[in-house]
Amino acid sequence: MPQVLPLPSVDAKSGVDARLQAIDKLEALVNEVAREKARHRSNVFLKRGIRTWRKGDIAKAGQWALKATEADDTNAKAFHVLAMALERMGHLHKALVTYERSFQLDPEDPELLINLGLTAWNLKLTEGAARMFRLYIAACPDSPLGYNNLGGIQGDMGQPDMAIETLKAAIYRMPHESILWNSLATVLAEQGRADESIVFYNEAARLAPNFARAYHNLGYAYQHLSRMQDALDNYDKALELVVDPAERIETRHSRSICLIGLGRIAEGFREYEIRNNQRFRAYLHHMIDAPMWQGEDLAGRKLLLVGEQGLGDEIMFANILPDAQAAVGETGKLQICVDPRMVGLFQRSYPQAEVGAYDDRTLMDDDGNKALRLVPFAAKDNKPDLWAPMGTALQHYRKSLSDFPHKPFLTPDPVRVAEFKQKLAALPGRKVGICWRSMMLGAKRAKYFSPIDVWGPVLQTPGISFVNLQYGDCAAELARAEEKFGVTIHRMEGLDLRADIDGAAALSAALDLVLSAPTAAAHTAAAVGAKTWFLSAGQGWPQLGTAEYPWHPDTRVFWPEKLSDWNAILPKFAAELADWAAA
């Protein structure tokens with residue numbers, strides 16, 4: 001007879017539950033093993049990425065780090081390395097998001113706070129960056145990095161006094177940390193206090209004799225004090241010590257500028273070619289289907305010269321265009337590429353040449369953001385045989401000061417010159433144009449330009465009618481100066497000095513004299529042959545070691561002994577103007 005199965009006892013039930021618990025534990029163990037395998041695989045990729053990074057291949061390192069995050073999406077270190085690679089390649093927004101992901105996974109990693117802050121700083125998110133640096137200081141109060149970066153960003157935010165206090169407090173806490181002395185010196189230098197900064201840069205170098213950046217910065221400070229030989233000596237010392245390839249390029253560039261400023265122009269212009277190195281921070285990719293000109297014979301060739309850097313430099317470097325036109329000869333062709341606003345002015349000046357405009361773009365690819373300069377008119381069937389940035393021709397055509405011809409090299413519209421002269425004839429006395437600053441006037445650049453509020457001794461010179469050449473929005477400044485000094489600064493109605501550079505050139509040619517800071521307005525005036533006096537914060541490298549701008553036919557330069565000491569130089573500037581007006 002069949003046996004009746006007993007009812008399940010408590011013990012039997014417990015046995016079932018125990019088996020279920022075992023299954024749960026085994027599942028958890030399997031998941032843990034899977035996670036360990038995923039983490040191991042992720043770390044293998046990450047190690048490869050780090051090795052690749054050390055070899056200098058940042059893009060490939062980023063690819064390995066990306067594989068590491070795909071293998072284990074909880075690996076904070078993998079996201080950290082990926083974020084650093086994205087940042088170095090210029091993908092700043094992606095880097096910021098990736099740093100944030102890493103920080104979510106590992107909020108105990110203080111290095112992430114520094115990197116998050118630096119990325120935010122590069123994105124101009126200054127308040128957020130400052131917050132990250134303060135959090136880092138709270139987490140690592142004995143590390144100089146947080147104080148160093150916080151002081152730097154406070155300086156950028158227009159809070160130099162706060163930056164100085166931050167860095168002084170850190171130095172009091174850690175007097176042996178050379179980077180803090182270096183940063184304090186930099187804040188002072190960027191305030192125009194280069195003479196004070198030298199003491200602190202020297203202390204940074206004393207504490208860390210192999211600190212190449214301190215010597216580079218000393219060179220920068222001496223250069224701003226017009227002590228060019230001292231600057232060169234320190235740049236040379238920095239080059240002896242520098243290890244990082246990117247920093248070496250920066251130092252060589254600074255040194256080339258110093259050589260030019262010393263008047264050693266053959267060597268200086270040759271060294272200045274370092275700006276065309278693809279690893280230079282301001283490198284511009286030119287999308288031109290032709291080899292770069294290396295000094296070969298140009299007779300009968302088609303040569304494309306492309307304007308570069310700011311508008312003032314673009315005009316200044318055009319000094320070599322007559323030489324280039326002569327070099328290609330009647331059987332060759334010169335192509336000139338300039339800012340779209342200057343095409344008409346340059347075409348009139350060089351009727352045998354073909355003049356067109358460049359088109360600047362930004363490309364995002366696997367290697368980061370690239371600044372591109374396209375030259376649409378010199379492509380396909382019209383592409384050149386050779387091309388070069390305009391400044392590259394300097395090493396071939398300007399090997400000594402005697403090579404500068406001191407002749408106008410741009411031709412204003414004669415009809416417009418006559419029209420402006422007719423309008424100016426209605427004004428009393430001699431007609432003098434004024435421009436006191438650049439339009440690009442951030443906190444760091446402002447010290448290089450005098451505010452119009454200190455131009456009283458100049459504007460009150462008798463026997464002169466002043467005419468505005470200041471481009472951009474300056475109505476409030478003009479009104480303030482007129483009220484403060486009791487003068488009228490005349491405007492040419494309907495002339496947009498920023499957009500209509502051809503018109504600005506014609507107006508400058510119609511004036512008796514132009515007074516200007518070293519701006520595009522000054523170079524435009526000087527290039528068409530107008531008598532031009534430059535008012536500079538210090539001795540600038542384009543002076544080539546002289547008291548003029550040799551690029552142009554008729555210039556003088558006035559600068560104070562102490563950088564940006566406008567109260568000292570303006571009375572002298574005004575006295576020279578009064579003598580000229582009375583002559």
Side-chain angles (χ1 to χ4, degrees), residues 226 312 401 404 406-408 417 420-421 423-437 448-470 477-478 480-492 504-505 507-519 521-540 542-583:
S226 303
L401 284 172
F404 286 83
H406 285 78
K407 294 179 180 178
V417 172
F420 284 125
K421 282 189 173 182
K423 292 179 179 179
L424 292 169
L427 302 178
R430 308 188 81 175
K431 288 72 175 177
V432 176
I434 59 167
C435 175
W436 56 94
R437 61 167 172 80
Y448 298 112
F449 301 99
S450 59
I452 196 171
D453 305 74
V454 300
W455 277 56
V458 174
L459 294 174
Q460 293 172 327
T461 305
I464 290 177
S465 288
F466 289 99
V467 178
N468 182 50
L469 288 176
Q470 179 63 59
E477 293 165 279
L478 289 169
R480 190 170 67 245
E482 289 178 336
E483 181 179 357
K484 184 174 182 179
F485 303 122
V487 298
T488 299
I489 301 172
H490 302 275
R491 291 81 146 174
M492 289 294 125
L507 174 57
S508 299
L511 293 164
D512 296 312
L513 174 66
V514 170
L515 309 177
S516 179
T519 65
H523 287 292
T524 301
V528 299
K531 181 187 288 291
T532 307
W533 291 1
F534 290 77
L535 178 64
S536 180
Q539 186 175 14
Q543 294 175 231
L544 313 181
T546 72
E548 61 170 343
Y549 271 58
W551 318 76
H552 303 301
D554 189 358
T555 63
R556 293 178 65 186
V557 186
F558 298 80
W559 70 94
E561 291 184 10
K562 183 179 178 181
L563 185 73
S564 303
D565 188 355
W566 306 117
N567 290 330
I569 193 62
L570 260 298
K572 297 178 183 177
F573 193 51
E576 291 287 336
L577 180 63
D579 289 345
W580 171 83

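Computed from a predicted structure; not experimentally measured. Numbering starts at 1 and runs along the sequence shown.
- Tyr549 and Pro518 make their closest contact through OH-CB, 3.6 Å (heavy atoms, listed as atom of the first residue, atom of the second, distance).
- A distance of 11.5 Å separates CD1 of Ile569 from OG of Ser564, quoted to the nearest 0.5 Å.
- By the 4.5 Å heavy-atom criterion applied to side chains, Val458 and Leu577 are counted as neighbours.
- Under the 3.5 Å distance criterion, the side-chain polar atoms of Gln543 are matched with a main-chain donor or acceptor of Gly540.
- What you find for Ala481 and Val487 is that their closest heavy atoms are O-CG2, 4.4 Å.
- A donor-acceptor pair under 3.5 Å is formed between the side chain of Glu482 and the backbone N or O of Ile489.
- By the 4.5 Å heavy-atom criterion applied to side chains, Thr519 and Trp436 are not counted as neighbours.
- Nearest heavy-atom pair across Lys484 and Asp453 is NZ-O, 3.3 Å.
- Considering every non-hydrogen atom in both Pro571 and Asn567, the closest pair reads CD-O, 3.2 Å.
- Enclosure of atom CD in Glu561 is not indicated, since only 12 or fewer non-hydrogen atoms of other residues, nucleotides or ligands lie within 6.0 angstrom.
- Annotation: cation-pi pair Arg556/Trp580 absent, no NZ/CZ under 6.0 Å from the ring centroid and within 45° of its normal.
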Ile434 and Leu459: CA distance, side-chain angles, deciding distance, side-chain contact (heavy atoms from CB on, under 4.5 Å) verdict: CA-CA 9 Å; Ile434 59 167; Leu459 294 174; 3.9 Å; yes

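- Two residues are said to be in side-chain contact when any heavy atoms from C-beta on lie closer than 4.5 Å; His406 and Glu548 meet this criterion.
- Note that CG of Asn468 is 8.0 Å distant from SG of Cys435, once rounded to the nearest 0.5 Å.
- No donor-acceptor pair closer than 3.5 Å links the side chain of Lys572 to the backbone N or O of Ala568.
- For the pair Leu511 and Val432, the minimum side-chain heavy-atom distance is 4.5 Å or more.
- Inter-residue side-chain proximity for Leu544 and Pro550 is flagged as met; some heavy-atom pair is nearer than 4.5 Å.
- Between the side chain of Thr524 and the main chain of Ala522, no donor-acceptor pair closer than 3.5 Å is present.
- The structure places CG of Leu513 at 9.0 Å from CZ of Phe466, a figure rounded to the nearest 0.5 Å.
- A perpendicular orientation is assigned to the rings of Trp455 and Phe573, their planes being inclined by more than 60° (bins at 30° and 60°).
- In plain terms, the two heavy atoms of Gly529 and Pro553 that are nearest each other are CA-CG, 3.8 Å.
- If you take OG on Ser226 and CG on Leu563, they are separated by 7.5 Å, rounding to the nearest 0.5 Å.
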Steps toward salt bridge (Lys or Arg N to Asp or Glu O under 4.0 Å) verdict (Lys531, Asp512): CA-CA 7 Å; Lys531 181 187 288 291; Asp512 296 312; over 6 Å; no

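- Judged by distance alone, the side chain of Trp551 and the main-chain N or O of Pro542 form a donor-acceptor pair under 3.5 Å.
- Under the 3.5 Å distance criterion, the side-chain polar atoms of Lys562 are left unmatched by any main-chain donor or acceptor of Pro560.
- Here the straight-line distance linking atom CG of Leu478 with atom NE2 of His490 works out to 11.5 Å at 0.5 Å rounding.
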Residue pair Leu507, Leu469: steps toward the side-chain contact (heavy atoms from CB on, under 4.5 Å) verdict: CA-CA 9 Å; Leu507 174 57; Leu469 288 176; 3.6 Å; yes

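- A donor-acceptor pair under 3.5 Å is formed between the side chain of Gln470 and the backbone N or O of Arg437.
- Across all non-hydrogen atoms, the minimal contact from Val417 to Ala509 is CG2-CB, 4.0 Å.
- We find the CG-OG distance between Leu535 and Ser516 to be 8.5 Å, quoted to the nearest 0.5 Å.
- Aromatic ring pairs are classed by plane angle as parallel below 30°, tilted from 30° to 60° and perpendicular above 60°; the pair Phe534 and His523 is tilted.
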